[in-house]
Amino acid sequence: RRPSLARRAHRIASMTDDNERLVPVQVESKIKERVLEVRKEFEHLELAFEAANEAGEAAERRTPGSSAPLRAKVQALCAIQREKELEILALEALKSDYECWSAKEFDFESYLKTKTRALEPGTPVNDAPLKAFDAAVRGGGDTLDDDAEFMVVGGGGDGAKGVKNAKCPLSLKKVEDLDEPLEDLKGYVYEAAAILDYLGRKTSVPCPVAGTVHTVKRADLKPSKAVQRLKARHLAASRAKDNE
């Protein structure tokens with residue numbers, strides 16, 4: 001029987017004396033501390049993406065094609081975001097791995113490095129920020145119309161959570177235009193075909209919305225009642241207009 005990843009990471013770490021060793025209570029505290037750090041880094045990335053979109057759109061208005069250097073910077077930011085997404089997945093895996101591990105000491109950093117390397121090949125690349133940048137420089141940036149604003153702030157009388165995104169981060173279609181909207185537990189909505197393709201054979205993946213730190217689980221996805229209500233509103237308004 002092959003040893004668990006946590007045990008293998010510990011064996012690798014035991015060959016060096018420079019790594020930080022933690023006792024059980026410290027591991028749990030370290031996980032919480034690192035998650036908070038990564039969450040703040042995601043917030044900074046979100047601000048950087050928004051600034052790049054605005055700058056790219058302004059540059060294209062002045063001189064077509066001049067946004068290319070900014071696009072390269074967005075790609076670099078996407079690479080950083082991917083590192084952080086993999087780190088979040090590794091931290092979540094550590095929570096379950098460590099429960100089955102009885103050693104007195106644990107090499108936290110070595111485990112994260114080993115786990116993130118193992119997760120990278122099978123984790124989809126989140127290119128949503130790059131697509132959002134391309135849409136912005138074409139003049140199609142993320143702006144909320146009245147109905148989208150209702151979706152973002154609104155909940156439902158049935159207790160459903162309000163939708164937090166105006167567009168699917170994968171297809172870039174407005175949520176009210178999605179053919180088959182699926183919603184995760186945090187209230188983010190996706191085109192069914194796009195999110196299922198993003199999941200691939202995995203049961204969970206990092207949320208593709210820039211700045212988020214939660215994972216999207218296949219089992220948690222459900223039809224979005226909030227979007228269905230918005231579609232009904234649009235249909236009713238359209239029929240009323242036709243009858244005028």
Side-chain angles (χ1 to χ4, degrees), residues 42 45-46 49-54 56-58 60-61 67 71 74-75 78 81 85 124-200 202 204-244:
F42 271 125
L45 282 169
E46 177 68 13
F49 284 131
E50 290 177 0
N53 290 355
E54 292 175 2
E57 186 177 1
E60 284 297 313
R61 283 200 300 266
S67 64
R71 191 178 193 277
V74 172
Q75 287 179 307
C78 284
Q81 177 178 264
E85 289 172 344
V125 174
N126 179 6
D127 60 354
L130 194 60
K131 289 181 179 179
F133 177 83
D134 290 339
V137 299
R138 290 195 302 267
D142 290 341
T143 57
L144 301 180
D145 55 24
D146 292 339
D147 286 322
E149 185 68 21
F150 165 81
M151 293 301 300
V152 173
V153 301
D158 57 1
K161 294 180 180 179
V163 176
K164 295 184 178 179
N165 52 313
K167 291 183 179 182
C168 169
L170 301 170
S171 69
L172 299 183
K173 292 169 65 176
K174 291 182 178 180
V175 292
E176 63 266 31
D177 294 333
L178 299 179
D179 297 322
E180 188 180 352
L182 292 181
E183 184 175 330
D184 67 18
L185 286 180
K186 296 293 185 178
Y188 292 93
V189 173
Y190 319 89
E191 180 70 83
I195 189 62
L196 293 177
D197 181 64
Y198 183 61
L199 275 160
K202 288 184 167 292
S204 65
V205 291
C207 177
V209 178
T212 58
V213 296
H214 71 283
T215 56
V216 178
K217 297 182 179 180
R218 184 188 301 272
D220 293 335
L221 291 171
K222 62 182 180 181
S224 176
K225 293 182 179 180
V227 175
Q228 290 171 358
R229 287 194 299 272
L230 182 59
K231 284 177 172 286
R233 277 184 63 193
H234 281 186
L235 181 59
S238 178
R239 287 176 176 173
K241 186 175 182 180
D242 291 340
N243 293 330
E244 289 178 356

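Numbers for residues simply follow the sequence, beginning at 1.
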message: Do the side chains of Asp134 and Arg71 get close enough for a salt bridge, i.e. N-O under 4.0 angstrom?
response: yes

query: Any side-chain heavy atom of Gln228 within less than 4.5 Å of one from Pro223?
result: yes

query: If you round to the nearest 0.5 Å, how far is CG of Asp184 from NZ of Lys186?
result: 8.5 Å

message: How close do Val175 and Asn165 get, counting heavy atoms only, and between which atoms?
response: CG1-O, 3.3 Å

statement: NZ of Lys131 to SG of Cys168, rounded to nearest 0.5 Å, is 8.0 Å

task: Locate the shortest heavy-atom distance separating Asn126 from Cys78; write the atom from each residue and the value.
output: O-SG, 4.5 Å

- line: By side chain to side chain contact (heavy atoms under 4.5 Å, CB included), Arg61 pairs with (sequence neighbours left out) Glu57, Ala58

query: Looking only at heavy atoms, what is the nearest atom pair of Ala135 and Leu172, with distance?
result: CB-CD1, 4.5 Å

Glu191 side chain to Ser171 side chain, donor-acceptor N/O pair below 3.5 angstrom: no

message: So, using side chain to side chain contact (heavy atoms under 4.5 Å, CB included) as the criterion, who are the partners of Asp220 when residues are at least two apart?
response: Leu185, Lys217

task: Could you tell me whether a side-chain N or O of Arg218 sits under 3.5 Å from a main-chain N or O of Lys202, the two making a donor and an acceptor?
output: yes

query: Between atom CD of Gln81 and atom CZ of Phe49, what is the distance when rounded to the nearest 0.5 Å?
result: 4.5 Å

- request: Could you check Lys222 against Leu182 for side chain to side chain contact (heavy atoms under 4.5 Å, CB included), going step by step and ending with a plain yes or no?
  value: CA-CA 5 Å; Lys222 62 182 180 181; Leu182 292 181; 5.9 Å; no

- line: All heavy atoms of Ala128 vs all of Pro169, minimum pair found to be CB-O, 3.0 Å

- prompt: With a 4.5 Å limit on heavy-atom distance, are the side chains of Glu183 and Leu221 in contact?
  reply: no

- prompt: Would you call Asp179 and Lys173 a salt bridge, using N to O less than 4.0 angstrom?
  reply: yes

Atom pair CG (Leu170) and OH (Tyr198), whose distance is rounded to the nearest 0.5 Å: 7.0 Å

field: CD-CG distance between Glu85 and Leu45, expressed to the nearest 0.5 angstrom
entry: 9.5 Å

- request: Could you check if a side-chain atom of Ser67 sits within less than 4.5 angstrom of a side-chain atom of Phe133, using non-hydrogen atoms only?
  value: yes

field: Straight-line distance of Ile195 CD1 to Leu178 CG, nearest 0.5 Å
entry: 11.5 Å

message: For a quick test of reading the model, state the closest non-hydrogen atom pair linking Cys207 to Val216 and the distance between them.
response: CA-CG2, 3.7 Å

